Student: 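This structure is in structure tokens; I'll ask about it shortly.
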Amino acid sequence: MVTPAASHSRQDREPDPTPDAADLLVWYDRHRRVLPWRALPGAVPDPYRVWLSEIMLQQTTVAAVKPYFARFLERFPDIATLAAAPEEAVMSAWAGLGYYSRARNLHACAKAVVAAGGFPETVEGLRKLPGIGAYTAGAVAAIAFDRPAAAVDGNVERVVSRLFAVEEPLPGARPVLRRFAETLVPQERPGDFAQAVMDLGATLCTPKRPACALCPWMRPCRARREGTQDTFPRKLKKVAGALRRGAAFVVQRAGDGAILLRTRPASGLLGAMAEPPTSEWRTDYEPAHALLDAPLDARWKRLGTVRHVFTHFPLELTVFTAKVAADTAAPDGMRFTLPAAMGDEPLPGAMKKALALALETKLALPAPPPPPAPEPDLATPPPPEPPPRRAPVPKVLSRRPASAAPIRKK
DNA sequence: TACACGTGGGT
DNA sequence: TACCCAAGTGT
């Protein structure tokens, strides 16, 4: 350290008080957000709801979680119901929310908790459960069991980095930020405190243009005092992944209009989710040779491409479609799913885009995206239109199916 | 420690 | 359009 304490020998006009949890709690009592998973003031929280919401909220916005949370509770009202449910039902209810390992771990965790007769109430006990890391263990211990634990998420890291003007960039600064955060946790109302810091980060101490004037911790905030609040937390810039390409094959059976699907491997990207058969996705994929990867012989029609951006790489799928005879057997490891059952298939967003392009109809795909469907979503079995005599020129969709991005190449 | 791992919304 | 961001975890 370059600066000895002596450098502050001159009298500071503002002494730099330590952030006081009580000040934040006063603010919280007046400005707390009303959220579906939050117990009313004075009420005892339900650990199942607290846990479920925390898992859903990992790297996911409140707005995105709300409808899923409501739906999940309807379908799995308590942890015993969840534990007893088939894996596919859980994946299906999660489809569209992303980070699907969360759903797999959620299910495994439910089983473990039921087997143990209930949730552990300590950070150490919670930390051992699948899908529960340092943050979630602290959050559940604090919120559900009112233990004095720190719940350090992105909000808290931002708040603390500003409070103490931490120069070290993320993610390296995480241990330091956690230590600072732990010093702030009060013995009184630790559960409310945990939620209060997150509310502060979500509503006032925002990534951009924080509303410092309204902040209960404006006084003790070092970044604010120095006018540098916008620059925290410091971060290392990230590199973008290379574009990967592949082909998706949408096969529709004559007669009943069933679609050929398969289930992806249980772990890894989109693990245990459903998809129409696709080729491998590679940075050097050559769409011109895509038919070599087709799942079966048919009159393939090239429709166009769909794009999707994952956290670490962008994907471009060339979509092919074909209609096959009603008596066609599904290749090994694949299945035909009837239009009416498509809603039960755990289809991730990328695959919904490919299917939407191929079917041109917003057939009520995975009912999951329950939120963004305000209007009645008719399950229209794709009308067996007359067989295309010649492959039409791949056209650009004029109207876009709800979940499908406009497909166009520059 | 550094990556892998989704998705939708905001600027 | 291109990033950035959101109540992180597992390997």
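Per chain, numbering begins at 1; letters A, B, ... match sequence-line order. In this text the structure is predicted, and so the values were computed from the model without any measurement.
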Student: Separation of A/Arg209 atom CZ from C/dC5 atom P, in whole Å?
Tutor: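 In whole Å, C/dC5 P and A/Arg209 CZ are 15 Å from each other.
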
Student: For A/Leu35, report the nucleic acid contact type (base, sugar-phosphate, nothing); a contact means any heavy atom under 4.0 Å.
Tutor: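 Since a base atom lies under 4.0 Å of A/Leu35, the category is base.
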
Student: Using the ring-ring contact (aromatic ring centres under 6.0 Å, His included) rule, collect all pairs that involve residues 132-185 of chain A, keeping only residues at least two apart or in two chains.
Tutor: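 Of all non-adjacent pairs touching residues 132-185 of chain A, those that pass ring-ring contact (aromatic ring centres under 6.0 Å, His included) are A/Phe164-A/Phe180.
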
Student: Describe the nucleic acid contact of A/Arg158 in one word from base, sugar-phosphate, nothing, applying a heavy-atom distance below 4.0 Å.
Tutor: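 Sugar-phosphate, backbone atoms only, no base.
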
Student: At under 4.0 Å between heavy atoms, what does A/Ala350 touch on the DNA or RNA strands: base, sugar-phosphate, or nothing?
Tutor: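 Answer is sugar-phosphate: A/Ala350 comes under 4.0 Å of backbone atoms only.
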
Student: Compare side-chain N and O positions of A/Thr136 against OP1 and OP2 of C/dA7 and report whether any pair is under 4.0 Å apart.
Tutor: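 Checking A/Thr136 against C/dA7: no side-chain N or O falls below 4.0 Å of OP1 or OP2.
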
Student: Rounded to the Å, how far apart are A/Arg33 CZ and C/dA7 C1'?
Tutor: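 Checked: the CZ to C1' distance equals 8 Å.
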
Student: Would you verify whether the NZ or CZ of A/Arg264 falls within 45 degrees of the ring axis of A/Trp281 while also being under 6.0 Å from that six-membered ring's centre?
Tutor: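 Pair A/Arg264/A/Trp281 counts as cation-pi.
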
Student: Quick check on C/dA6: is either OP1 or OP2 less than 4.0 Å from any side-chain nitrogen or oxygen of A/Gln59?
Tutor: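 Negative; the distance criterion is not met.
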
Student: Take atom C1' in C/dG10 and the same atom in B/dT1, then report the distance between them in whole Å.
Tutor: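 Straight-line distance between the two C1' atoms is 14 Å.
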
Student: Tell me the side-chain hydrogen bond (donor to acceptor under 3.5 Å, both in side chains) pairs involving residues 72-81 of chain A, sequence neighbours left out?
Tutor: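 For residues 72-81 of chain A, and leaving out neighbouring residues, the side-chain hydrogen bond (donor to acceptor under 3.5 Å, both in side chains) pairs sorted by first residue read A/Asp78-A/Thr81.
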
Student: Between A/Arg102 and B/dG6, is there a side-chain N or O to OP1/OP2 distance below 4.0 Å?
Tutor: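 For A/Arg102, the contact criterion (side-chain N or O under 4.0 Å from OP1 or OP2 of B/dG6) is not met.
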
Student: In whole Å, measure the gap between the P atoms of B/dG8 and C/dT9 for me.
Tutor: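 After rounding to an integer number of Å, I get 22 Å for this pair.
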
Student: Could you check A/Pro130 against A/Gly201 and say which one's nearest nucleotide on DNA chain C is further toward the 5' end?
Tutor: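 With A/Pro130 and A/Gly201 compared, the 5'-side residue is A/Gly201.
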
Student: Using a cut-off of strictly less than 4.0 Å, decide whether A/Tyr68 has a side-chain nitrogen or oxygen near OP1 or OP2 of B/dT7.
Tutor: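 Answer no for this pair, as no side-chain N or O of A/Tyr68 is under 4.0 Å from OP1 or OP2.
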
Student: Strictly below 4.0 Å, heavy-atom distances to any atom of DNA chain B: list the hits from residues 265-281 of chain A, or just say none.
Tutor: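 Listed by number, they are A/Gly268, A/Leu269, A/Leu270.
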
Student: Mind checking the P distance from B/dC3 to C/dC4? Whole angstroms is fine.
Tutor: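 Result for the P pair: 16 Å, nearest Å.
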
Student: Which whole number of Å gives the distance between the C1' atom of B/dT11 and that of C/dA7?
Tutor: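 Each nucleotide's C1' atom is 22 Å from the other's.
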
Student: Please state whether the phosphate of C/dC5, meaning OP1 or OP2, lies under 4.0 angstrom from any side-chain nitrogen or oxygen of A/Lys235.
Tutor: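 Yes, because at least one side-chain N or O of A/Lys235 sits under 4.0 Å from OP1 or OP2 of C/dC5.
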
Student: Could you tell me whether A/Arg234 sits above the aromatic face of A/Phe232, with NZ or CZ closer than 6.0 angstrom to the six-membered ring centre and within 45 degrees of the axis?
Tutor: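 Cation-pi check for A/Arg234 and A/Phe232: passes.
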
Student: I'd like the C1' distance from B/dG6 over to C/dC5, given in whole Å.
Tutor: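 Taking atom C1' in both C/dC5 and B/dG6, they lie 13 Å apart.
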
Student: In whole Å, measure the gap between the P atoms of B/dC5 and C/dA6 for me.
Tutor: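 My reading of the P atoms in B/dC5 and C/dA6 gives 22 Å.
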
Student: Taking the six-membered ring for Trp and the full ring for Phe, Tyr or His, determine whether the centres of A/Trp94 and A/Tyr68 are under 6.0 Å apart.
Tutor: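 Here the rings of A/Tyr68 and A/Trp94 have centres that are no less than 6.0 Å from each other.
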
Student: For a quick check of understanding: with a heavy-atom distance under 4.0 Å over all strands, which category does A/Val309 fall into, base, sugar-phosphate or nothing?
Tutor: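 If one applies the 4.0 Å heavy-atom cut-off, A/Val309 turns out to touch a base.
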
Student: Under 4.0 Å between a side-chain N/O of A/His312 and OP1 or OP2 of B/dC3, yes or no?
Tutor: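 Negative; the distance criterion is not met.
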
Student: Mind checking whether A/Phe310 and A/Phe313 have ring centres under 6.0 Å apart?
Tutor: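 For A/Phe310 and A/Phe313, the ring centres are under 6.0 Å apart.
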
Student: Remember a base hit wins even if backbone is also touched, and classify A/Val62 as base, sugar-phosphate or nothing at under 4.0 Å, heavy atoms.
Tutor: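 A/Val62: base contact, heavy atoms under 4.0 Å.
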
Student: Can you tell me whether the side chain of A/Thr60 and the base of B/dG8 have a donor-acceptor pair closer than 3.5 Å?
Tutor: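 It does not, because no donor-acceptor pair links the side chain of A/Thr60 to the base of B/dG8 below 3.5 Å.
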
Student: Tell me the interatomic distance from A/Leu57, atom CG, to B/dG8, atom C1', rounded to whole angstroms.
Tutor: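 Interatomic distance, CG of A/Leu57 to C1' of B/dG8: 14 Å.
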
Student: Closest nucleotide of DNA chain B for A/Thr61 versus for A/Pro175: which of these residues is on the 5' side?
Tutor: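 By nearest-heavy-atom nucleotide position, the 5'-most residue is A/Pro175.
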
Student: Is any side-chain nitrogen or oxygen of A/His308 closer than 4.0 Å to OP1 or OP2 of B/dT7?
Tutor: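 Yes, A/His308 has a side-chain N/O under 4.0 Å of OP1/OP2 on B/dT7.
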
